[in-house]
Protein chains: 2
Amino acid sequence: MRAPRKTAAEKPGTPARGPRSRIQQRNRQIILDAALEVFSTHGFRGATLDQIASEAGLSKPNLLYYFDSKDAIHRDLLTRLLDTWLDPLRMLDADGEPQAEIMAYMRRKLEMSRDYPRESRLFANEILQGAPRIEHFIRNDLRALVTEKAQLLAGWSQAGRIAPVDPYHLIFSIWALTQHYADFAAQIGMIRGDSHDPLDGAEVFLEQLYTRLLAP
Amino acid sequence: MRAPRKTAAEKPGTPARGPRSRIQQRNRQIILDAALEVFSTHGFRGATLDQIASEAGLSKPNLLYYFDSKDAIHRDLLTRLLDTWLDPLRMLDADGEPQAEIMAYMRRKLEMSRDYPRESRLFANEILQGAPRIEHFIRNDLRALVTEKAQLLAGWSQAGRIAPVDPYHLIFSIWALTQHYADFAAQIGMIRGDSHDPLDGAEVFLEQLYTRLLAP
DNA sequence: ATCAAGTTTGACCATCCAGTCAAGAACCAA
DNA sequence: TTGGTTCTTGACTGGATGGTCAAACTTGAT
């Protein structure tokens with residue numbers, strides 16, 4: 001009776017599956033959205049359940065009716081995030097035109113900073129703290145994907161299809177440049193004026209940068 | 001008797017000045033160093049006085065003999081950091097050779113990521129949270145400096161001495177690319193292997209990048 | 001050696017906060 | 001309408017944490 005719809009498939013640790021009532025689905029979504037807002041700006045320890053509850057317009061015990069713990073909410077957010085975090089890089093196509101592929105990857109990452117800045121900050125917070133909760137993801141999934149794509153990039157370099165560049169630093173540079181617009185948005189806003197869109201001009205600049213960097 | 005050497009010059013808010021005993025100087029330094037370690041990885045809320053005390057090898061009440069509060073330690077760290085945070089950009093010389101000046105600025109920032117990664121992460125944490133404690137610094141000091149240097153860069157662009165680039169995004173790109181190696185060091189380490197120096201190859205890559213970007 | 005000032009700490013307090021619980025309210029199928 | 005299920009919450013608990021304090025210890029100038 002503690003957790004709703006407790007079925008065999010919903011053991012703790014197993015992501016909750018199966019059908020949920022409309023109220024369940026709606027409130028879980030509201031809670032996750034509120035929690036994303038709070039966790040992404042205050043970090044895990046800095047966030048309180050009361051803050052999240054207030055942001056969600058629900059009572060604190062009510063949150064804990066839908067999620068087992070503060071940690072469970074955070075874990076859920078991270079899990080959903082990581083599921084899609086790799087997609088842009090995964091789409092880098094070995095059969096495509098090298099420059100266009102890299103440019104498209106950069107554009108996809110920039111879009112993520114524009115459309116999901118809170119997710120980016122949640123991730124940044126996690127890395128800053130030493131990535132304690134996603135270490136396995138980085139060491140396994142992310143590492144494997146980066147290694148694979150770095151080899152692809154290295155191949156393009158050696159074939160003279162792009163300039164000879166260190167493929168790892170090329171990937172890191174795309175992460176750094178695109179995520180900066182989400183993670184440091186507060187700073188950029190204060191410098192350029194808060195009404196100014198932080199990403200204004202970013203795409204043109206980054207296209208210019210990578211066009212010049214990659215030209216063979 | 002609560003605070004040591006309480007003189008008129010040491011009102012709260014005023015940075016403590018005047019002579020301090022050797023023990024004072026030594027222990028304040030030890031505390032600040034321990035606090036930097038803890039704050040930079042766990043953030044302000046995530047850090048506890050017990051953690052800092054343990055890291056410093058002192059008792060918790062002893063910390064509070066040297067600093068009025070947890071907040072005061074954090075404020076002290078930030079103040080010291082901001083004092084030097086602007087220096088690399090400030091040194092960008094209007095009378096120098098444009099490309100060499102920008103390259104030297106990039107190198108100075110990269111050096112800071114190498115030599116002071118904890119300070120970089122402390123700063124990053126603060127910005128992620130919306131920069132509540134350093135808003136005035138960013139809106140005033142940093143904003144003025146960036147505006148000034150952006151005009152300098154714009155002048156160089158218009159004079160054809162460097163390629164025509166958006167000066168603000170040029171500055172942001174240097175921040176993003178250099179600070180990434182400090183702020184996301186954990187991720188880089190997990191991908192490239194923890195024994196590998198995260199900054200290995202970074203300087204060469206960034207020189208290549210900015211050489212190609214800035215060539216008129 | 002002496003003693004006043006500076007330094008250290010065990011014990012303590014007040015608050016905050018994650019999580020519990022039992023009772024009540026809303027919902028829905030029959 | 002009825003009765004069981006799902007949802008909601010006020011009141012509470014235990015532990016963590018920032019901060020206090022008085023007493024004890026150390027230091028150094030005389």
Side-chain angles (χ1 to χ4, degrees), chain A residues 1-7 9-10 12-13 16-32 34-35 38-39 41-77 133, chain B residues 1-7 9-10 12 16-32 34-35 37-39 41-77 133:
Chain A
M1 207 143 302
R2 278 194 29 249
R5 295 255 182 170
K6 202 77 170 189
T7 70
E10 287 185 52
R17 306 228 172 286
R20 293 181 187 283
S21 75
R22 263 194 313 277
I23 294 179
Q24 284 265 332
Q25 281 201 309
R26 182 178 127 270
N27 280 352
R28 284 180 70 94
Q29 197 48 54
I30 288 174
I31 292 168
L32 286 174
V38 178
F39 281 136
T41 61
H42 298 293
F44 181 76
R45 289 277 320 262
T48 72
L49 285 178
D50 286 298
Q51 257 179 301
I52 298 172
S54 161
E55 180 87 19
L58 299 171
S59 67
K60 182 172 63 171
N62 210 173
L63 293 201
L64 293 164
Y65 172 74
Y66 290 102
F67 292 89
D68 284 342
S69 63
K70 178 185 179 182
D71 207 80
I73 303 176
H74 191 253
R75 224 179 5 251
D76 200 306
L77 280 174
R133 298 158 201 273
Chain B
M1 204 143 304
R2 276 192 35 246
R5 294 257 183 166
K6 200 78 168 188
T7 70
E10 286 185 52
R17 303 228 172 288
R20 293 180 188 282
S21 75
R22 263 194 313 279
I23 293 179
Q24 284 265 330
Q25 280 200 309
R26 184 179 124 269
N27 280 353
R28 284 181 70 95
Q29 197 48 54
I30 288 173
I31 292 168
L32 287 174
E37 188 68 31
V38 178
F39 281 135
T41 60
H42 298 292
F44 180 77
R45 289 278 320 263
T48 72
L49 284 179
D50 286 299
Q51 256 180 301
I52 298 171
S54 160
E55 180 87 19
L58 299 171
S59 67
K60 182 172 62 169
N62 210 174
L63 292 202
L64 293 163
Y65 172 74
Y66 290 101
F67 291 90
D68 283 344
S69 62
K70 179 185 179 182
D71 205 81
I73 302 176
H74 191 253
R75 222 176 11 248
D76 200 306
L77 280 173
R133 298 156 200 275

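Below, read A as the first sequence line, B as the second, and so on, with proteins coming before strands; counting in each chain starts at 1.
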_Whole-Å gap separating P (D/dG19) and CD1 (B/I73)_ = 9 Å
*Roughly how many Å is it from CD in B/Q25 to P in C/dT7, rounded to a whole number?*
11 Å
*Provide, to the nearest angstrom, the distance between the CD1 atom belonging to A/I31 and the P atom belonging to D/dC7.*
11 Å
_Interatomic distance, A/F67 atom CZ to A/L77 atom CG [nearest 0.5 angstrom]_ = 7.5 Å
*Tell me, do B/I73 and B/F39 make a side-chain contact under 4.5 Å, heavy atoms counted?*
yes
_Separation of D/dG10 P from A/L58 CG (nearest whole Å)_ = 12 Å
Only distances under 3.5 Å count here; give the side-chain donor-acceptor pairs of residues 51-58 of chain A to other protein atoms, sequence neighbours excluded, each with its distance to 0.1 Å.
residue : atom : partner : partner atom : Å
A/Q51   : OE1  : A/T48   : N            : 3.2
A/Q51   : NE2  : A/H42   : NE2          : 3.3

*Non-hydrogen atoms of B/L64 and B/K70 that approach each other most closely*: CD2-N, 4.4 Å
*Listed partners of B/N62 passing side chain to side chain donor-acceptor pair (under 3.5 Å), at least two apart*: none
_A/D71: side chain to side chain donor-acceptor pair (under 3.5 Å) partners, not counting sequence neighbours_ = A/R75, A/R133
*For B/N27 and C/dT8, is the shortest distance between a side-chain N/O and OP1 or OP2 below 4.0 Å?*
yes
*Can you tell me the distance, in whole Å, between the CD1 atom of A/I30 and the C1' atom of D/dT8?*
14 Å
*Could you give the distance from CD (A/Q29) to CZ (A/R26), rounded to the nearest 0.5 Å?*
11.5 Å
*Axis-to-axis angle between the two ends of the helix from C/dA1-D/dT30 to C/dA30-D/dT1 (five base pairs per end, rounded to 10 degrees)*: 10°
*Give a yes/no answer on whether the side chain of B/Q24 brings an N or O atom under 4.0 Å of OP1 or OP2 in C/dT7.*
yes
*Identify the heavy atoms of A/Q24 and A/Y66 that sit nearest to each other, and give their distance.*
NE2-CE2, 3.7 Å
*asked:* Output the rounded distance in Å from CG (A/N62) to C1' (D/dG10).
replied: 13 Å
*Tell me: OH of A/Y65 to P of C/dC21, nearest whole Å?*
16 Å
*Nearest-0.5 Å distance, CG of residue B/D50 to OG of residue B/S59*: 10.0 Å
*D/dG10 P sits how many Å from A/L63 CG, rounded?*
13 Å
_Working to the nearest 0.5 angstrom, can you tell me the gap between B/H74 NE2 and B/R45 CZ?_
12.5 Å
List, with names and distances, any nitrogen or oxygen atoms from the protein found under 3.5 Å away from nitrogen or oxygen atoms belonging to nucleotides 14-18 of chain D.
residue : atom : partner : partner atom : Å
D/dT17  : OP1  : A/R45   : NH2          : 3.3
D/dG18  : OP1  : B/A47   : O            : 3.3
D/dG18  : OP1  : B/K70   : NZ           : 3.1
D/dG18  : OP2  : B/L49   : N            : 2.8
D/dG18  : N7   : B/K60   : NZ           : 3.0

*Reading nucleotides 22-30 of chain C 5' to 3', which nucleotides get B (base under 4.0 Å from a protein heavy atom), which S (sugar-phosphate only), which -?*
---------
*Rounded to the nearest 0.5 Å, how far does CG of A/L63 lie from CG of A/D68?*
12.5 Å
